[in-house]
Amino acid sequence: MTGACRLPPLRWLVLLAGLACSGTSAAALNVQVQADGLDHAQLQASERLVDDALARLPVALRESASLQLALRWRDDLPEHVVGRARGEVLGLDRSLLTALTTQADDAPAWQAARAALLHELAHALDRSGKGGWSKQSRFLDLAGWPQRPLWPGRGQNRFSLRSPDRYELDSPAEFFAVNFEHYLLDPGYRCRRPALYQWYAEQLGVPGQAEPTPCAAELPLFKAGEQEGSAELLSLDPARIYQVDYLLAEGNDKLMSRWGHSMLRLVVCAPGRAPGPACRMDLQHHLVLSFRAFVGDVQISSWRGLTGSYPSRLFVLPLDQVVDEYTKVELRGLSSTPLALTPPEVSSLLQQAAQLHWSYDGRYFFISNNCAVETGRLLQDGVPRLADTGLDTITPTGLLKRLRQRALLDAVPADRAEAIRRGYYFESAATHYAQVFQVARAALPLPAASVEQWLALPAARRREWMPKADGPVLAALLLLEQAAARRHELHARDLLKRRLLTPGQAGEQLAQFRELMDKAGLLLAPGALPLPGYGIPGPAERGQAAEAVAAGSDGAAEQWRTLRAGALALLPESEREQGAGIQSNMQYLRQRLRLRYGTASPQAATPARGTGETDFLEKVVEQDNK
């Protein structure tokens, strides 16, 4: 019996060779066409389709996937469904087959069939023993299913703007398959979704055919313009960014801002300047990335913030606008602490920020999805090294603490005066206003013991003391009145917002407001613009976006003025009277200063040098211009 099993040496070699070949075949991905019901031309076209699809796979993936699959043409798929993978069978809609036998490989029918086959092949690979990519934590983060800081599981995908196929939002598995198609078929995928391209390349390998399209260094971002409601298209080269700072607006006594506000400051170097410490003084070029619950509004109502009634998007704002908003209007200081990032990490972070800027349409929840949560998430998603650093915290101060604990921050001057001088800290104007108030109070027996009490008085009551002022006291009262105007603007804006966003309360103004919000999509949601493509816009789409800005900027500014005038009519009469009184007070003080110094403002009021008035006025000007 034993002898009967022996084979001559030559036959042993042939058998071993056959086993070796069969072993190699079994270890590689193989797709056989089910020939039932196909004529010769259809079978040939089907095999060409399979060969074409497999050739586009990364070589390592194709050779390591031990799957034996079958392609079957089906005529029983639901409407609008072109493919379905079940077990080891990849089913495609038979309507795609007819055109394959008569059209060239680059025809629309071939493109559709190729994408459908790769999509179903992605599902089969993902479900295999070596797959599971759609369940990976890093993939889920980049794809838009965020981790929730207080509850288990993940939140809803809000990457709904500029999507190549909204079917990708159905589930992580569908997102993996849809993007698998584009990763292999679109040479521009690397530019449109950089972080996802990098992830696919690391996990699966480089696509087997077309070379990726070279990407422009500059990233397109819509920056808030000087006029309210306006925006401008900015092309930002990450190489111009010297540092990225964690920018924290200090808290105040209001519920929704008690723990501060998280932002990222981009230290952008002036054109022509090499990145270095000197760039920190190029303040006019610095930008701020800020997740906000409502455009132009740093205060939100408690209930709407708790229930997620506000859209949350990533805004790009000039630093000086943010500094004025917090230090002069809200009277909150700003600390700016550099993050310990390398230049490649800064570039990666900016690419992810651009992706969010164009694709993200989130909802603001005060507890679970606020500025701290989203800023921490951006850092973790945008910088692979930070992916598992645990930056998921719900308070801005808590995020700063975690960044410090994980040694992710560079040093800043310990001395407050030095930090202010070098742009690491922007102090609240409250101290400056208090000093100016003491100048006025030393000269006049004002009926208030503090700035807060003075500003809380009716404008008409403050006016009673203005005719008694002279010299520097006029300038002091004007600056205080300007502070009163900013404070009233903030309060009125909050009142108007509540009425405009409450159905049935504002009538025509509400309809006009919503229409304006749609037209102001440049700033509110750039991804809502009717541009072709998906993800970060390509060169041609950027040109169209620039044209949209040029065509709509003037009209948007005028619409904002019209809306503002109409909305003011919605304020209570007492608020309208207070606003009119403040404007009248400022006009009166400017006229008095003009008569006294030949100028209309304290900034230009310059008596003879060497006098006490000169010293005071120059100090006022210096502080007010910061």
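Sequential numbering from 1 along the given sequence is applied to the chain's residues. Because only heavy atoms are used, hydrogens play no part in the values below, and waters and symmetry mates are left out as well, while side chains stay in. Predicted, not measured: the structure shown is a model, and the values here were computed from it.
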Worksheet item: Any donor and acceptor pair, going by atom type alone, linking the side chain of Glu325 with main-chain N or O of Gln321 inside 3.5 Å?
Response: no
Worksheet item: To the nearest 0.5 Å, what is the distance between CD (Glu330) and NE2 (His261)?
Response: 10.0 Å
Worksheet item: Of the non-hydrogen atoms in Thr393 and Gly398, which two are nearest, and what is the gap between them?
Response: CG2-C, 3.7 Å
Worksheet item: Are the side chain of Asp245 and the backbone of Leu247 linked by a donor-acceptor contact shorter than 3.5 Å?
Response: no
Practice prompt. For the residue pair Arg154 and Ser137, confirm or rule out a side-chain donor-acceptor distance under 3.5 Å.
Written response: yes
Worksheet item: Hey, does the side chain of His357 reach the backbone of Leu314 with a donor-acceptor pair shorter than 3.5 angstrom?
Response: yes
Worksheet item: Quick one: are Trp465 and Pro445 in side-chain contact, heavy atoms under 4.5 Å?
Response: yes
Worksheet item: Would a 4.5 Å heavy-atom cut-off, applied to side chains only, mark Pro447 and Arg461 as touching?
Response: yes
Fill in: For the student: nearest non-hydrogen atoms of Arg542 and Pro537, plus distance
NE-O, 2.8 Å
Discussion item. Does Leu236 form a side-chain contact (heavy atoms from CB on, under 4.5 Å) with Leu266? I'd like the steps, not just the answer.
Written reply: CA-CA 11 Å; Leu236 180 61; Leu266 307 182; 3.9 Å; yes
Worksheet item: Does the side chain of Leu446 come within less than 4.5 Å of Phe437's, by heavy atoms?
Response: yes
Item to complete: Can you measure from CD1 (Ile582) to CD (Glu481) and round to the nearest 0.5 angstrom?
Response: 6.0 Å
Worksheet entry | Test side-chain contact (heavy atoms from CB on, under 4.5 Å) applied to Leu589 and Met466, step by step | CA-CA 7 Å; Leu589 290 168; Met466 293 175 184; 3.9 Å; yes
Worksheet item: Nearest 0.5 Å, what's the CG-OG distance between Leu161 and Ser359?
Response: 7.0 Å
Worksheet, complete the sentence: CG (Leu478) and CZ (Arg590) are apart, to the nearest 0.5 Å, by 5.5 Å
Worksheet entry | Any donor-acceptor pair under 3.5 Å from Arg280 side chain to Tyr424 backbone | no
Worksheet item: Is the closest basic N to carboxylate O distance between Arg273 and Asp282 below 4.0 Å?
Response: yes
Worksheet item: With no hydrogens and no angle check, do the side chains of Ser584 and Arg463 hold a donor and an acceptor under 3.5 Å apart?
Response: yes
Worksheet item: Cut-off 3.5 Å, side chains only: do Arg265 and Ser336 have a donor facing an acceptor?
Response: yes
Worksheet item: Can you name the nearest heavy-atom pair linking Leu457 to Arg462, along with the distance?
Response: O-NH1, 2.6 Å
Discussion item. Angle between ring planes, Phe291 versus Tyr360, binned at 30° and 60°: parallel, tilted or perpendicular?
Written reply: perpendicular
Worksheet item: Tyr326 and Met263: side-chain contact (heavy atoms from CB on, under 4.5 Å), yes or no, with the steps?
Response: CA-CA 12 Å; Tyr326 283 102; Met263 296 167 280; 3.9 Å; yes
Fill in: Qualifying residue, where the test is side chain to side chain contact (heavy atoms under 4.5 Å, CB included) with Leu477 and the options are Leu474, Val473, Leu479
Val473
Worksheet item: Heavy atoms, side chains only, cut-off 4.5 Å: are Val383 and Ser348 in contact?
Response: no
Discussion item. A side-chain contact here means heavy atoms from C-beta on lying under 4.5 Å apart; do Asp324 and Val329 qualify?
Written reply: no
Fill in: Asp381 (side chain) donor-acceptor with Gln352 (main chain) under 3.5 angstrom
no
Worksheet item: Is the ring centre of Phe222 less than 6.0 Å from the ring centre of Trp358?
Response: yes
Worksheet item: Does any non-hydrogen side-chain atom of Leu399 lie less than 4.5 Å from one of Leu391?
Response: yes
Discussion item. Could you check whether any side-chain N or O of Ser428 sits under 3.5 Å from a backbone N or O of Leu331, counting only pairs where one atom can act as donor and the other as acceptor?
Written reply: yes
Discussion item. Between Leu264 and Leu379, does the side-chain contact (heavy atoms from CB on, under 4.5 Å) criterion hold? Intermediate values first, please.
Written reply: CA-CA 10 Å; Leu264 295 179; Leu379 289 171; 4.1 Å; yes
Worksheet item: Between Gln147 (side chain) and Gly153 (backbone), is there a donor-acceptor pair under 3.5 Å?
Response: no
Worksheet item: Is there a donor-acceptor pair under 3.5 Å between the side chain of His286 and the backbone N or O of Met281?
Response: no
Fill in: Check ion pair Asp415-Arg421 (N to O, under 4.0 angstrom)
no
Worksheet item: Just by distance, with hydrogens left out, do His488 and Glu575 show a side-chain donor and acceptor under 3.5 Å apart?
Response: yes
Item to complete: Decide if atom CD of Gln405 counts as having more than 12 heavy atoms of other residues, nucleotides or ligands within a radius under 6.0 Å.
Response: yes
Discussion item. So does Thr389 get a backbone contact from the side chain of Arg406, meaning a donor-acceptor N/O pair under 3.5 Å?
Written reply: yes
Worksheet item: Does the side chain of Pro238 come within less than 4.5 Å of Leu219's, by heavy atoms?
Response: yes
Worksheet item: Between Gln591 and Arg594, is any side-chain donor less than 3.5 angstrom from a side-chain acceptor?
Response: yes
Fill in: Spatial distance of atom CD1 (Ile536) from atom SG (Cys215) [nearest 0.5 Å]
8.5 Å
Response to the item:
What one should report as the nearest heavy-atom pair of Pro318 and Leu287 is CA-CD2, 4.4 Å
Discussion item. For a quick check under 3.5 Å, do Gln351 and Gln355 share a side-chain donor-acceptor pair by atom type?
Written reply: no
Fill in: Salt-bridge present (Asp392, Arg402; N to O < 4.0 Å)
yes
Discussion item. Distance check, rounded to the nearest 0.5 Å: Leu334 atom CG versus Ile420 atom CD1?
Written reply: 11.5 Å
Worksheet item: For Asp410 and Thr337, which heavy atoms make the closest approach, and how far apart are they?
Response: O-CG2, 3.8 Å
Worksheet item: Taking atom types as modelled and ignoring hydrogens, do the side chains of Ser262 and Tyr246 form a donor-acceptor contact shorter than 3.5 angstrom?
Response: yes
Discussion item. Using every non-hydrogen atom in the two residues, find where Phe159 and Leu356 come nearest and quote the distance to one decimal.
Written reply: CZ-CD2, 3.5 Å
Worksheet item: Looking at Arg332 and Glu250, does any basic side-chain N land under 4.0 Å from a carboxylate oxygen?
Response: no
Item to complete: Give a yes or no on whether the backbone of Ala459 and the side-chain of Gln578 come within a donor-acceptor separation of less than 3.5 Å.
Response: yes
